[in-house]
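Okay, structure first, notes after.
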Amino acid sequence: MRQQPMNDLVKQTQMAINGEYSAIQCYEKLARLAPTDEERQQILEIREDEIKHFKQLVLLYTGITGRDPKPKQTEPCEDDYLRGLEAALKDEQHTVDFYLSVADGTINLAAKKLFNRAAKDEQQHAVWFLYYYMKNK
């Protein structure tokens, strides 16, 4: 397996930071659109996981580069609950693949651990979003 250079890890970490930042914004909006308290609370729990990932990624980025990242929202948030669930589900699944790829490609043990753990969380989030999507469809 080929290991990536450190600049790739920096770029990938910045992409992950932007993705988590976007998810934090969109899941807050999605929670407001949720039709039930149960769904709203679960989406807010998922959002808390995304905040945790964001903070961990910022620490990794700062540790590698010596600079603070400049997060930006790279994805729009849906105004419709069902479309928002579908977008979240797809995003979480793509994020799982991306995070596992980053983890497999780095020799940085802290990054490998962080991306593997976050991938597991993202997969769990996808299952919740799929459940709510099917329930509300």
Side-chain angles (χ1 to χ4, degrees):
M1 185 177 349
R2 185 176 98 56
Q3 301 296 316
Q4 78 214 35
M6 192 57 80
N7 328 352
D8 287 353
L9 181 59
V10 170
K11 287 177 192 166
Q12 291 165 331
T13 303
Q14 180 64 61
M15 286 174 57
I17 287 168
N18 290 340
E20 296 292 343
Y21 183 80
S22 297
I24 290 165
Q25 310 313 309
C26 290
Y27 296 171
E28 181 178 4
K29 184 175 187 177
L30 193 60
R32 285 194 309 265
L33 296 170
T36 68
D37 244 7
E38 174 195 327
E39 291 177 49
R40 184 173 5 277
Q41 289 309 311
Q42 186 58 54
I43 293 167
L44 290 174
E45 278 185 40
I46 291 169
R47 185 175 179 271
E48 286 300 315
D49 284 349
E50 305 297 7
I51 291 169
K52 179 182 76 176
H53 298 160
F54 175 80
K55 289 177 180 178
Q56 292 170 334
L57 288 161
V58 166
L59 286 174
L60 176 65
Y61 182 90
T62 304
I64 293 170
T65 66
R67 308 183 308 271
D68 289 332
K70 293 177 178 32
K72 49 188 173 182
Q73 188 163 347
T74 54
E75 302 161 28
C77 301
E78 293 287 343
D79 292 323
D80 175 78
Y81 185 63
L82 202 56
R83 283 196 318 263
L85 288 173
E86 183 178 16
L89 168 61
K90 287 178 180 179
D91 182 65
E92 294 287 338
Q93 283 298 105
H94 289 120
T95 301
V96 170
D97 292 340
F98 175 61
Y99 284 5
L100 290 175
S101 172
V102 175
D104 286 346
T106 187
I107 58 171
N108 181 308
L109 294 180
K112 186 178 289 290
K113 183 178 175 184
L114 190 162
F115 279 99
N116 273 320
R117 177 67 241 174
K120 292 173 186 173
D121 291 343
E122 302 296 325
Q123 186 64 60
Q124 183 184 36
H125 300 163
V127 171
W128 277 112
F129 287 131
L130 176 60
Y131 170 68
Y132 291 132
Y133 179 78
M134 296 306 293
K135 180 180 165 192
N136 285 280
K137 192 167 180 179

(message) Checking His125 against Glu122 for the side chain to side chain contact (heavy atoms under 4.5 Å, CB included) test, could you report, in this order, the C-alpha distance in whole Å, the side-chain angles of both residues, the deciding distance, and whether it holds?
(response) CA-CA 5 Å; His125 300 163; Glu122 302 296 325; 3.8 Å; yes
(request) Could you walk me through whether Tyr132 and Gln42 pass side chain to side chain contact (heavy atoms under 4.5 Å, CB included), step by step? (result) CA-CA 10 Å; Tyr132 291 132; Gln42 186 58 54; 3.5 Å; yes
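Counting only heavy atoms from C-beta outward, the side chains of Cys77 and Glu28 never approach each other to under 4.5 Å. Residues Thr106 and Gln12 have side chains not in contact (no heavy-atom distance under 4.5 Å, counting atoms from C-beta outward). You'll find the side chain of Glu48 stays beyond 4.5 Å of the side chain of Leu44, heavy atoms only. Proximity of Asn116 to Tyr99: side-chain heavy atoms (C-beta onward) are nowhere separated by under 4.5 Å. Side-chain contact between Ile43 and Arg47: absent, with no pair of heavy atoms (C-beta onward) separated by less than 4.5 Å. Phe129 places none of its side-chain heavy atoms less than 4.5 Å from the side chain of Asp91.
Contact detail for Asp121 and His53: the closest heavy-atom pair is OD2-NE2, 2.7 Å.
Under the 30°/60° scheme for interplanar angles, the aromatic rings of Phe54 and Tyr21 are found to be tilted.
A donor-acceptor contact closer than 3.5 angstrom links the side chains of Asn136 and Glu39. Between Gln93 and Asp97, the side chains place no donor N or O within less than 3.5 Å of an acceptor N or O (distance only, hydrogens not considered).
Hydrophobic cluster of Leu100: the remaining members, joined at side-chain heavy-atom separations below 4.5 Å, are Val96, listed by chain and number.
No more than 12 heavy atoms of other residues, nucleotides or ligands sit less than 6.0 Å from atom NZ of Lys113. The 12-atom threshold is exceeded at NZ of Lys29, counting heavy atoms of other residues, nucleotides or ligands nearer than 6.0 Å. At most 12 non-hydrogen atoms from other residues, nucleotides or ligands lie less than 6.0 angstrom from NZ of Lys55.
Here the side chain of Thr13 pairs no donor or acceptor atom with the backbone of Tyr61 at under 3.5 angstrom.
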